[in-house]
Every structure is written in C-alpha cells, then in structure tokens.
Trainee: 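Please find one structure pasted underneath; my questions will follow.
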Protein chains: 4
Amino acid sequence: MADGSPAIDGATTVAGDRLRSFIERVERLEEEKAAIMNDSKEVYAEAKGEGYDVKILRQVVRIRKMDRADRQEQEALLDLYLSALGEQ
Amino acid sequence: MADGSPAIDGATTVAGDRLRSFIERVERLEEEKAAIMNDSKEVYAEAKGEGYDVKILRQVVRIRKMDRADRQEQEALLDLYLSALGEQ
Amino acid sequence: MADGSPAIDGATTVAGDRLRSFIERVERLEEEKAAIMNDSKEVYAEAKGEGYDVKILRQVVRIRKMDRADRQEQEALLDLYLSALGEQ
Amino acid sequence: MADGSPAIDGATTVAGDRLRSFIERVERLEEEKAAIMNDSKEVYAEAKGEGYDVKILRQVVRIRKMDRADRQEQEALLDLYLSALGEQ
DNA sequence: CGGCGCTACGTCCGTC
DNA sequence: GACGGACGTAGCGCCG
C-alpha cells in the first residue's frame, strides 16, 4: 500500500492513516525534544562564554538530580515500610 | 557561600546568582524534555491500546530518521559538488 | 568456513581462532555473571524465608548504591572545583 | 536504632544484624558482578583493538546463547518423550 | 501480561 | 580529526 494515496480498501487506508498519525505525533515530539536539548547546549555555551566551566556545571546539575532522585527513593522506601508494617 | 543568602561580597553574590540562573535554566529545560518524552510514551501507549506493536513503531521512527539524515547527507554532498563547480 | 575444522587458508583460520577466543572468553565471563546473579537471588530468597520483604531489601540496596554514587560525585565535584581554582 | 551499636533490645539487634548481613552479602555479590562485567568490556575492547566490531561480537554471543537455550529446550523435550515412553 | 529494573546501545564531549 | 570515555535513552527480561 502506498500511504497517502487513495486506496480501494477503505479499512486499510483508515488503519494506515491512524498509523501515520501516531508516527507523526512521535516525530513531532522528537523534534521538540531535539530543540530543547539544543537550548540546553546553548545555555551551557553561554555560561562557558562567561567563564564558567561547563563540565562542572553539568556535574552540579547531575548531582542535584541525583539528590532529588535519592529523596524520592527514600520516601518510596518509607512508604514501603509503613505499608509493610500496616500489613495491607 | 550559601546561595540565596545575603552576602558581603557583592561580586561573589552576582556570580552566584548568575551561576544559579544557568543551573535553573538547564534544569527547567530538562523538565520540559522529560515532559515531552512522557508525551511520546503516552502516544506509544495509545497506539499499543489500538493493537499496534510499539517495538515496531519505534523501529519505523528510527528508520525514517535515518532516511532523513541520509537525505540531508546527500543534499549536503550535492551542495558541496555544486559549490566546487563554482555554482552560486 | 567451518570454525574448528582444518582450513586451507591459514590466515583465515588464525583470525577464526582469535575470534573464537574472544567469544569464548566473554561467554565464560557471562557464565560467571549468571552464577553470581543466581547467588543474589538465593540470598534474597533466604531473607524472604526469614520474613524479610524482598522488595524493600532491593530498594535498600539500590538507595545505598545511589548514596555511594552521590558521595563519589560530590568528591569528584570538589576535586573539580579545587583544580579549577588552582588553575594550574 | 543505630546498627552496629550496642542495643538494649537484643531481638532487634539480632534482626538488624541479620538484615545487615543480607544487605552486605548482596552488595558483595553486586561488586563481583560489576567486576566481571568490567572484564567483559575489556575483552570487547581488546577485540576492538584488533579490528573486530564489538556490536557484531555481542550479537554473536547473544545468538549462541539463544541457540544453547533452544538446544536445551529440545533436550528437555526429548527427555520428556523418553520418560513418557517408559525409558529409564 | 504489565510494570519495573537492568543491560546495552547510540551520542556527545574531552583528549591527544 | 580520530579515539576513547561518559552520559542519557531505549530495549529486554524477570517478577509479581
């Protein structure tokens, strides 16, 4: 089947359109994601232009993220303990 | 120095604020990126709910991206040839 | 070419033997890894047999690992700062 | 309760020690596993250094593993048939 | 069989 | 400019 062309089999076309829709939605999102990642790079580049060490900046961001993740895990663990104690 | 607290050394504070600004801009972008990736996952989930095979869908997206990259390579090469020939 | 069989082309055989050597070394290591993972499972099973909640145990292990990673990152960051300040 | 410190409640301490024992056994195993995975990486790196394509090598290992699994299935099935026939 | 965690892959950055 | 290393993301398998 050639997508986008008129088809004899209506059902197949409909399915094809649906598929195409999903694919294109994902592709659009991936474009947005790429744009955002590009923005990040530009921020780092700007910081670098002002004398900051990009490697350090990245590490700071990473550590802060890990700290947040840690905190969430801790809370999840606490919840687990509590529910385990409540037994049910 | 504790960021966010008043400081005696103005220069250091300014630098700290600037640093903080970069960090937070990046973190904001990372949040947006995470949100977009989440959207993608939801699209795939929706497609899955309609009977599509997510793994295959991902492959399709990947292949189409490679095709696009290939095409851009071709065009870049073409441009190179043309400029080498003195066109434009 | 059938590996392991005598070959007319010596070079090819040598390459085949070398390849085979790499593959088998990796496979040996994977066996060891599988054995170790099996040991882990047994430890968890034993703990479970004594009334411990495996899910919680796993989470504890994970958090402790993250804590360790965090600490190492912190130290790495400190080193970065120090070297950045020392600016050789 | 602070693990490792003397405690008034013997039962709790014993349980804590037991728990600590499980955790540390698992952590030790995870270290060993990490070491082995590192060894694998080194083997692949060595192979790469001799011109082999690591990705392909990994595929070979994976396929051989699947083959072995298949073969075991076959043998298990054969055993089943034989015992069903009253052999052995 | 659905979710979660782990492993493996691709990409990007720094280095030589 | 290429290589190697590190990070983040995607695929896979196990567990529940």
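This one's a predicted model, so the numbers in the text were calculated from it and none came from an experiment. Side chains included, hydrogens not; waters and symmetry mates left out as well; all remaining heavy atoms used. First the proteins, then the strands, lettered A, B, ... as listed; each starts at 1.
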Trainee: Measuring from atom CG of B/Asp70 to atom CD of B/Gln72, what distance do you get when rounded to the nearest 0.5 angstrom?
Mentor: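 It comes to 9.5 Å.
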Trainee: Which pair of non-hydrogen atoms, one from B/Lys48 and one from B/Val54, has the smallest distance, and what is that distance?
Mentor: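 Residues B/Lys48 and B/Val54, closest heavy atoms: CB-CG2, 3.6 Å.
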Trainee: Rounded to whole Å, please give me the gap between NZ in C/Lys65 and C1' in E/dT7.
Mentor: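 Roughly 11 Å, once rounded to whole Å.
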Trainee: Can you sort out which residues in residues 25-50 of chain B have a heavy atom within less than 4.0 Å of DNA chain F? Ascending by number, please.
Mentor: B/Lys33, B/Met37
Trainee: Regarding D/Glu30 and C/Arg64, does a basic nitrogen lie under 4.0 Å from an acidic carboxylate oxygen?
Mentor: no
Trainee: If you round to the nearest 0.5 Å, how far is CZ of A/Arg68 from NZ of A/Lys65?
Mentor: 7.5 Å
Trainee: Please name all residues satisfying salt bridge (Lys or Arg N to Asp or Glu O under 4.0 Å) with B/Glu46, sequence neighbours left out, ordered by chain then number.
Mentor: A/Arg18, A/Arg25
Trainee: Separation of C/Ile63 atom CD1 from E/dC4 atom P, in whole Å?
Mentor: 16 Å
Trainee: Any heavy-atom pair between the side chains of C/Gln59 and C/Asp53 that's under 4.5 Å?
Mentor: no
Trainee: Rounded to the nearest Å, what distance is computed from the CE atom of residue B/Met66 to the P atom of nucleotide F/dA10?
Mentor: 16 Å
Trainee: Within this structure, what is the CG-to-C1' distance between B/Asp53 and E/dC1, rounded to whole angstrom?
Mentor: 14 Å
Trainee: Considering only nitrogen or oxygen atoms on both sides, find all protein atoms under 3.5 Å from nucleotides 9-11 of chain E and state each distance.
Mentor:
residue, atom, partner, partner atom, Å
E/dC9, OP1, D/Arg62, NH2, 3.1
E/dC9, OP2, D/Arg58, NE, 2.8
E/dG10, OP1, D/Lys55, NZ, 2.6

Trainee: What I want to find out is whether D/Arg28 reaches D/Glu31 closely enough, with some N-O distance under 4.0 Å, to be called a salt bridge.
Mentor: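 Yes.
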Trainee: Would you check if the side chain of B/Ser83 reaches a backbone N or O of B/Asp79 as a donor-acceptor pair within less than 3.5 Å?
Mentor: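 Yes, B/Ser83 side chain to B/Asp79 backbone: donor-acceptor pair under 3.5 Å.
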Trainee: Just the rounded figure in Å: distance from P of F/dC15 to CD1 of C/Ile56.
Mentor: 19 Å
